[in-house]
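The chains referred to below are lettered A, B, ... by the order of the sequence lines, with proteins before strands, and numbering in each begins at 1. Keep in mind that what you see is a predicted model, and the values were worked out from it rather than measured.
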There are 2 protein chains.
Amino acid sequence: MTKLPLDKPLSISYNATGCNDQERMMMAKTVQTIEDIARLANVSKSTVSRALNDSPLINQETRERIQSLAREYNFRINAPARNLSMRQSHTLGFVSYACSGKNFSAENMFGLELLGGVSDGLRPLGYDLLVVPVEPHDTTWAHQYLNSGRVDGFVLTISTRKQKMINELVNMGIPFILWGFPQPNSSFCTVCGDDVTGGRIATEYLIRTGRQHIGFLGGPMDEIEVKYRHHGYELALQNAGRYLDPDLVVYGDYSHTSGITAMKRLLEQKPDLDAVFVNSDVMALGAIQYIQSCGKRVPEDIAVVGYDDLLLARYNNLPITTIRQNIPLAGKLLAENLIQYIQTGVVTNVNLPVELVIRKTA
Amino acid sequence: MTKLPLDKPLSISYNATGCNDQERMMMAKTVQTIEDIARLANVSKSTVSRALNDSPLINQETRERIQSLAREYNFRINAPARNLSMRQSHTLGFVSYACSGKNFSAENMFGLELLGGVSDGLRPLGYDLLVVPVEPHDTTWAHQYLNSGRVDGFVLTISTRKQKMINELVNMGIPFILWGFPQPNSSFCTVCGDDVTGGRIATEYLIRTGRQHIGFLGGPMDEIEVKYRHHGYELALQNAGRYLDPDLVVYGDYSHTSGITAMKRLLEQKPDLDAVFVNSDVMALGAIQYIQSCGKRVPEDIAVVGYDDLLLARYNNLPITTIRQNIPLAGKLLAENLIQYIQTGVVTNVNLPVELVIRKTA
DNA sequence: GTGAAAGCGCTAACAA
DNA sequence: TTGTTAGCGCTTTCAC
């Protein structure tokens, strides 16, 4: 154990235990502040601060001595004090509408899996993740969390349909990164999947396996991701020389329920349908449920391809053929690129590859 | 708008814009600190602090004047400063092994849904939720997050098998609440489900619907929850005057894979099995997969009852009959009771009711 | 390369 | 009921 300096000047103790700080330390082996470390190392607070932050100013030997002291005494720097002084929280907020209202749910399983990815991506960067629950019509959350100094920025998984909200955030100068596509006339960080390719390869696979009447069961019609997936679907059909039948296209809202009702509509419009590309795994589950309730078989009568490759697609009783999004990578990039933006102002927009995972529904 | 006092004393401005704080405020309508508010209201910082914290000391009229001023200027109190001063973070850490390693996953879907519940429960109490990713063999996380002042306590969803870790936390005096059962000789907060009843009503339902050979497919054998569910299973069997056949009991680890292998073992031991009570929905999915792969039908040949009532039980292609745990309520109580413990030291142990949800697998 | 001191924005004991 | 003042533990000029 490091020898304590005996000739140190007496320092006033503010604790109420009737003994000075050094005695307390020795009793409890508890070192609470950099000042305690400073005393043990016979240096000033500033030197400890520099050593602990790997400042280039500091002497190699001093740094190591202080760091090993800190390790020995199991010292943890006080976050609030550091954050106050630096005017940074070293914390990111994870915003998802599904955090709000009720709770995390299968409807937003995608957001949940992403939360894990972001959390993993953040750790090596020394940032923490705070859950920011947002009520659907609340517009003050950003200001609230940012101006109170609780977070330095936000990871958003809200729909790109919420253009108004996104524009507001941009105008307010709020640092954030969006899971979704960039907008042509405003510049902010994004990470998205390659939805055109996703739609294309799903459809190509269905064509390749001999399907004649391939439906498109989309997410919300005004969502850009959905438009891209639809575009990929059309591309595949055109490349195969097929006719684009508008009756083959219906929209839902990603929910299980909407999967059921949209599938019903689709089958009413096109009774001879023999395949469908669905925009989410959860909707696909609903679609399959409806198909089977009509006495038709999946995939024999109607093949189904989902989207996202959530774990429930894999674990479903009838494992779902789907388009996989690389969620862990997406989370990692969301974390890294937002921090980069906060620190340097560099705006990044990345588009991640997708892949087809063949299981039992197509 | 509130009229600005013109006779206020000049105060030094520390910003670099060449104008004093009041001018800045008027320009940008941005009020950053309680001192800004104090100036506008012609009172001292302490008064503002008291007013904003609803101190009983303060005059009703003063309080309202200050609060409306704060609202008007969209003022948010600085969290790091407040936390530093109060030596509290007003933040709880959500600890789950599934947060670590890879990411949140269906294997720990239960923990995920709980996260939502805790988050919802926390909001009205003015606390935030921080995601604390824990590596399986890391033992420093608690000290790390607590002593750095980032959280005031932890919500744990780790298995009760980790007795050693829990004991360590107790010995270190770490404030936490556990999703699970209390331990006889140490006192800490817990919230758990009524596992005996869960096991009993699941089994009773299977008996009532005419099943003769009812298997028990458990989670980890040494987990107390599993023991209780098994006890409930035995109770139901005994009440019905049935013989307890040890060959009907096998164990897994809650995972999908273990559901498959455990079901295989069970069928090898008891080929005439016609029902099984499974300790988790995810395992039940695995069990059903194996049953069907043997050419048997669910529920005709073998009835299956799961546990938890996760959304994937509801959305499964063959919706699962299961024992529902009230996850939102559990989250709410975990939040409330931990905060109560932190603030008052009161230890609570609550046991939540469960209910049978009948769907298609039994 | 290191130390002294001011300041981050807030709370709370004490004084008035 | 309100104001004054001294911290909370850290970072960061500015001197040495």
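With no hydrogens or angles considered, no side-chain donor-acceptor pair links A:Y73 and A:D36 at under 3.5 Å. There is a side-chain donor-acceptor pair under 3.5 Å between A:E64 and A:Q60. Between the side chains of B:N53 and B:R82, at least one donor N or O sits under 3.5 Å from an acceptor N or O. Remark: the A:D152 side chain and the A:S89 side chain contain an N/O donor-acceptor pair separated by less than 3.5 Å. Judged by distance alone, the side chains of B:S49 and B:S46 never bring a donor and an acceptor atom under 3.5 Å apart. Between the side chains of B:N78 and A:R150, no donor-acceptor pair is found at a separation under 3.5 Å.
When the nucleotides D:dT11, C:dA12, C:dG3 are ranked by their closest atom to the side chain of B:M86, C:dA12 comes out on top. Checking D:dT4, C:dG7, D:dG7 against the side-chain heavy atoms of A:S85 singles out C:dG7 as nearest. In this structure, the nucleotide among D:dT11, D:dG9, D:dT4 sitting nearest to the side chain of B:L84 is D:dG9. Side-chain atoms of B:S46 lie closest to D:dT5 of the nucleotides D:dT5, D:dT2, C:dC10. Nearest nucleotide to the B:A81 side chain, out of C:dG9, D:dT11, C:dA4: C:dG9.
For B:R82 and D:dC8, the shortest distance from a side-chain N or O to OP1 or OP2 is not below 4.0 Å. Neither OP1 nor OP2 of D:dC8 sits under 4.0 Å from any side-chain N or O of A:N78. Phosphate proximity of C:dG9 to B:T33: absent, as no side-chain N or O sits under 4.0 Å from OP1 or OP2. For the pair B:T62 and D:dT2, the criterion of a side-chain N or O lying under 4.0 Å from OP1 or OP2 is met. The side chain of A:N83 contributes no N or O atom lying less than 4.0 Å from OP1 or OP2 of D:dC10. Contact between the side-chain N/O atoms of A:T47 and the OP1/OP2 oxygens of C:dG3 is found at a separation under 4.0 Å.
Sequence order on DNA chain D of the closest nucleotides to B:P56 and A:P80 puts B:P56 first from the 5' end. Toward the 5' end of DNA chain D, the nearer of the two residues B:R50 and A:I77, judged by each one's closest nucleotide, is B:R50.
Between the CD1 atom of B:I37 and the C1' atom of C:dT11 there is a distance of 17 Å, given to the nearest Å. Counting to the nearest Å, the C1' atom of C:dA12 and the CG atom of B:N53 are 11 Å from each other.
A donor-acceptor distance shorter than 3.5 angstrom exists from the side chain of A:R65 to the backbone of A:A41, with no hydrogens or angles considered. Without hydrogens or angle criteria, A:T157 side chain to A:V95 main chain gives a donor-acceptor distance under 3.5 Å.
A rotation axis mapping the C1' atoms of four pairs onto the next four is fitted at both ends of the helix from C:dG1-D:dC16 to C:dA16-D:dT1 over five pairs, and the angle between these axes is 30° to 10 degrees.
Contacts of B:I58 with the nucleic acid, taken as non-hydrogen atoms under 4.0 Å apart, involve only primed sugar atoms and P, OP1 or OP2.
Under 3.5 Å, the side chain of B:R63 and the base of D:dT2 form no donor-acceptor pair of N or O atoms. Side-chain atoms of A:R87 and base atoms of C:dG7 include no donor and acceptor less than 3.5 Å apart.
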